[in-house]
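Worksheet: the structure to be examined is printed underneath.
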Amino acid sequence: MLDSTHQTVPVADLRVGLYVHLDLGWMDHPFPFGSFKISSQQQIDTIRGLGLSALRWDPAKSDAPPQPTVAAAAAPARPAPSPAEETAREQQRQWQAALAAQRQALQQCERRYAEGARAYKAILDQLPQQPEAARTRSVELIGGMVQALLGHEESAIRLLSENPGDRNTLHAMNVTVLSLLLGQAMGLAGDSLEALGQAALLHDVGKAELPDRVRHRDDGFTAAHHKLYQEHVAHGVAQAKRMGLSPLALLTLSQHHELADGSGFPTGCLADKQAPTSRILALINRYDGLCNPPNPLKALTPHEALSLLFATQKTRFESTTLSAFIRMMGVYPPGSLVQLTDGRYALVAAVNSSRPLKPRVLVHDRGVTRDEALLLDLQQQSQVGIQRSLRADQLPRQALEYLSPRQRVCYYFERAPGATDPTEAGA
C-alpha cells in the first residue's frame with residue numbers, strides 16, 4: 001500500500017495516474033483545480049511548461065508511483081510551443097481574467113448589500129430611543145447608494161447569492177434597490193431619489209408596533225385583521241416624523257399602499273393624487289411581495305410576477321410607471337429560469353437596466369463546474385436568445401441542481417459591463 005504522506009516528484013518523472021498538487025495561485029496555471037489526478041500526457045506536457053522543477057504528489061490518491069527517469073538518458077529539449085498551443089494558452093489566460101473579474105464584481109455587490117443590511121438593522125435598533133441617530137445612519141446609507149448609482153453610466157441589476165438574513169431585511173433592501181433604479185430610469189433628480197430611497201428603506205417600520213399575527217397579510221385575515229394591518233402606515237409615518245425625514249419622504253411612505261385605481265389604503269386616493277415617488281414605491285413593494293412572500297411556497301418567479309402585474313393588475317398601477325418598470329427589468333428579470341433557443345437551460349443572473357432584452361445568464365454546462373462557469377452575455381450572442389421562461393419543477397434534475405435557483409430573490413446594482421465611469425471619462 002502506498003504511503004499516505006505527500007512526497008516530491010521531479011516533473012521529468014510524472015506519469016498518468018499520479019495525484020499532484022500545484023503550489024501555484026489559480027491564476028498561474030490553466031487547470032480548474034490545483035490538486036488533481038493526471039489523466040493524460042497532454043496534462044503532463046502542460047505541467048512541464050509551467051516552469052516547475054518538482055511538485056508534491058499524494059501516494060494515497062495515486063494509481064502508481066512516479067516513473068523514474070533513466071539517469072544515462074539526456075532529457076530532450078522541450079520544443080517551442082506551436083501557434084495552436086500559444087493560442088490555447090492565451091484563451092486560457094483570458095478566461096481566467098474574465099472569471100476573476102466576474103467573481104470580484106459579484107463579491108462587491110454582495111459586500112455592499114451586506115453593509116446595507118447591517119445598517120438597516122442598526123437603524124431599527126436605534127429608532128425607538130435615538131431617532132436622530134437613526135436618521136443620520138439612514139441618510140448615510142441612502143446617500144451612498146444614490147451617489148454610486150448616479151456614478152454609473154449604465155447600471156445592471158444583479159442577482160445575488162441567497163441571503164441568510166431575515167425576510168424583512170431582504171424585503172427592505174430589495175425594495176430600496178429597485179425603487180432607486182426605477183426612480184433614476186424615470187429621471188428623478190438627486191434630492192427626489194434620496195427621498196424615495198429613505199421611504200423605500202423605512203416603508204415597513206410601522207409594522208414593529210403591530211401584533212405578530214397581522215404583520216404580514218394572508219388569505220386568512222378577517223376584516224378586523226385588515227384594519228389592524230393597515231395601521232402600520234400611520235405608525236411608520238409617525239416614526240419617520242420622529243426621525244425628521246423630508247416632506248417628500250414622509251408623503252412617499254404614507255402612500256406606499258395607495259393604488260392607481262383607488263383600491264389602496266389608507267385614503268384610497270387615485271393615481272393623480274399620488275406623488276411620482278409613491279407610485280414607484282407602491283409598484284416595487286408589490287413586485288417584491290410576489291417574488292418573496294412570507295410563505296416561500298407561494299412565491300412567483302420574477303417572470304411570473306412581472307407577467308401578473310401587467311396582465312391582471314395593471315389598473316392598480318400608474319401606466320407610465322409600470323411601463324418603465326417592465327422596460328427596466330426586461331421580459332426575464334434576474335432570477336428567472338429560462339430555456340435558450342439552442343435548447344440549453346439557464347438562470348438569468350444580471351440585466352442591463354438600459355438594455356434589458358439581452359441579459360447575462362448562467363448556462364447549465366456539464367463540462368464546467370458552476371463555480372468556474374462564466375456568465376453568457378446574450379448581448380454578445382447573435383445566434384442565441386431566450387425561448388421561454390420555466391418554473392423550477394419544469395427543469396431536468398441535473399439542470400436544476402446545477403443552476404440552483406434561490407428560494408428568495410435578492411438584488412443589488414453594479415456598473416453594467418462595457419459602460420464607462422463618468423469620473424474617468426474626462427481623465
Side-chain angles (χ1 to χ4, degrees), residues 103-127 130-152 155-185 188 190-208 236 239-240 243 245-246 249 252-253 256 277 280-281 284-285 287-289 291-292 302 328-329 333-335 349-351 353 406-416:
R103 287 172 170 169
Q104 183 180 24
L106 178 58
Q107 289 169 358
Q108 186 176 53
C109 282
E110 292 182 334
R111 183 176 65 252
R112 288 177 174 172
Y113 174 91
E115 291 170 353
R118 286 194 296 270
Y120 174 72
K121 291 178 181 179
I123 290 167
L124 296 187
D125 289 341
Q126 290 177 319
L127 183 53
Q130 299 174 288
E132 293 183 358
R135 177 186 182 278
T136 298
R137 192 179 286 266
S138 67
V139 167
E140 291 175 352
L141 173 59
I142 299 302
M145 293 175 71
V146 169
Q147 185 176 13
L149 191 60
L150 295 179
H152 297 172
S155 295
I157 307 166
R158 188 70 166 87
L159 179 70
L160 304 185
S161 299
E162 185 165 347
N163 185 272
D166 63 282
R167 186 259 175 190
N168 292 337
T169 300
L170 181 146
H171 177 64
M173 288 297 296
N174 271 357
V175 171
T176 301
V177 167
L178 294 180
S179 292
L180 289 176
L181 283 163
L182 183 54
Q184 183 191 37
L188 293 187
D191 289 347
S192 295
L193 271 180
E194 292 196 9
L196 172 59
Q198 295 284 352
L201 183 71
L202 300 168
H203 72 280
D204 274 344
V205 293
K207 288 184 177 180
Q239 294 284 23
M243 293 174 66
L245 297 191
S246 70
T252 305
L253 193 156
H256 78 272
T277 48
I280 291 172
L281 180 52
I284 301 299
N285 184 44
Y287 170 79
D288 193 67
C291 295
N292 296 306
M328 181 184 82
M329 298 296 283
V351 168
S353 60
R406 283 71 169 157
Q407 188 176 42
R408 294 198 181 278
V409 181
C410 182
Y411 298 126
Y412 207 75
F413 59 85
E414 63 182 358
R415 178 177 293 113

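Residue indices begin at 1 and follow the sequence shown. Predicted model only: the values in this text are computed from it and were never measured.
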What residues, two or more places apart in sequence or in another chain, satisfy ring pair (Phe, Tyr, Trp, His ring centres under 6.0 Å) together with Y287?
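Y287 satisfies ring pair (Phe, Tyr, Trp, His ring centres under 6.0 Å) with F325 once adjacent residues are dropped.
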
Side chains of [X] and [Y] in contact at under 4.5 Å (non-hydrogen atoms):
X: N168; Y: L124; value: no
X: L202; Y: M243; value: yes
X: S155; Y: Q184; value: yes
X: N285; Y: H203; value: yes
X: R112; Y: Q108; value: yes

Verify side chain to side chain contact (heavy atoms under 4.5 Å, CB included) between I280 and L188, making sure each step is shown before the conclusion.
CA-CA 11 Å; I280 291 172; L188 293 187; 4.0 Å; yes

[X] side, atom [atom1]; [Y] side, atom [atom2] - distance, nearest 0.5 Å:
X: E140; Y: M145; atom1: CD; atom2: CE; answer: 14.0 Å
X: N174; Y: R167; atom1: CG; atom2: CZ; answer: 9.5 Å
X: R137; Y: R118; atom1: CZ; atom2: CZ; answer: 10.5 Å
X: S246; Y: E194; atom1: OG; atom2: CD; answer: 9.0 Å
X: Q239; Y: L127; atom1: CD; atom2: CG; answer: 4.0 Å
X: L106; Y: R111; atom1: CG; atom2: CZ; answer: 11.0 Å

Using a 3.5 Å distance criterion without hydrogens, assess whether the side chain of [X] forms a donor-acceptor pair with backbone atoms of [Y].
X: R406; Y: L160; value: yes
X: T176; Y: L201; value: yes
X: T277; Y: L196; value: no
X: N292; Y: R408; value: no
X: Y113; Y: M173; value: no
X: Q198; Y: S138; value: yes

Return yes when atom CG of D191 has more than 12 non-hydrogen atoms of other residues, nucleotides or ligands closer than 6.0 Å, and no otherwise.
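Result for CG/D191: open.
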
Check the surroundings of atom CD in E132: do more than 12 heavy atoms from other residues, nucleotides or ligands lie under 6.0 Å from it?
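Atom CD in E132 is not crowded, with 12 or fewer foreign heavy atoms closer than 6.0 Å.
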
CA sep, side-chain torsions, deciding dist, call: L193, L150, side chain to side chain contact (heavy atoms under 4.5 Å, CB included)
CA-CA 10 Å; L193 271 180; L150 295 179; 4.0 Å; yes

Minimum heavy-atom separation for [X] and [Y], please, with both atom names.
X: L253; Y: A240; value: CD1-CB, 4.2 Å
X: V409; Y: P302; value: CG2-CG, 4.1 Å
X: F413; Y: A148; value: CE1-CB, 4.1 Å
X: A117; Y: T169; value: CB-CG2, 3.6 Å
X: A119; Y: L141; value: CB-CD2, 4.0 Å
X: Y411; Y: P334; value: OH-O, 2.8 Å

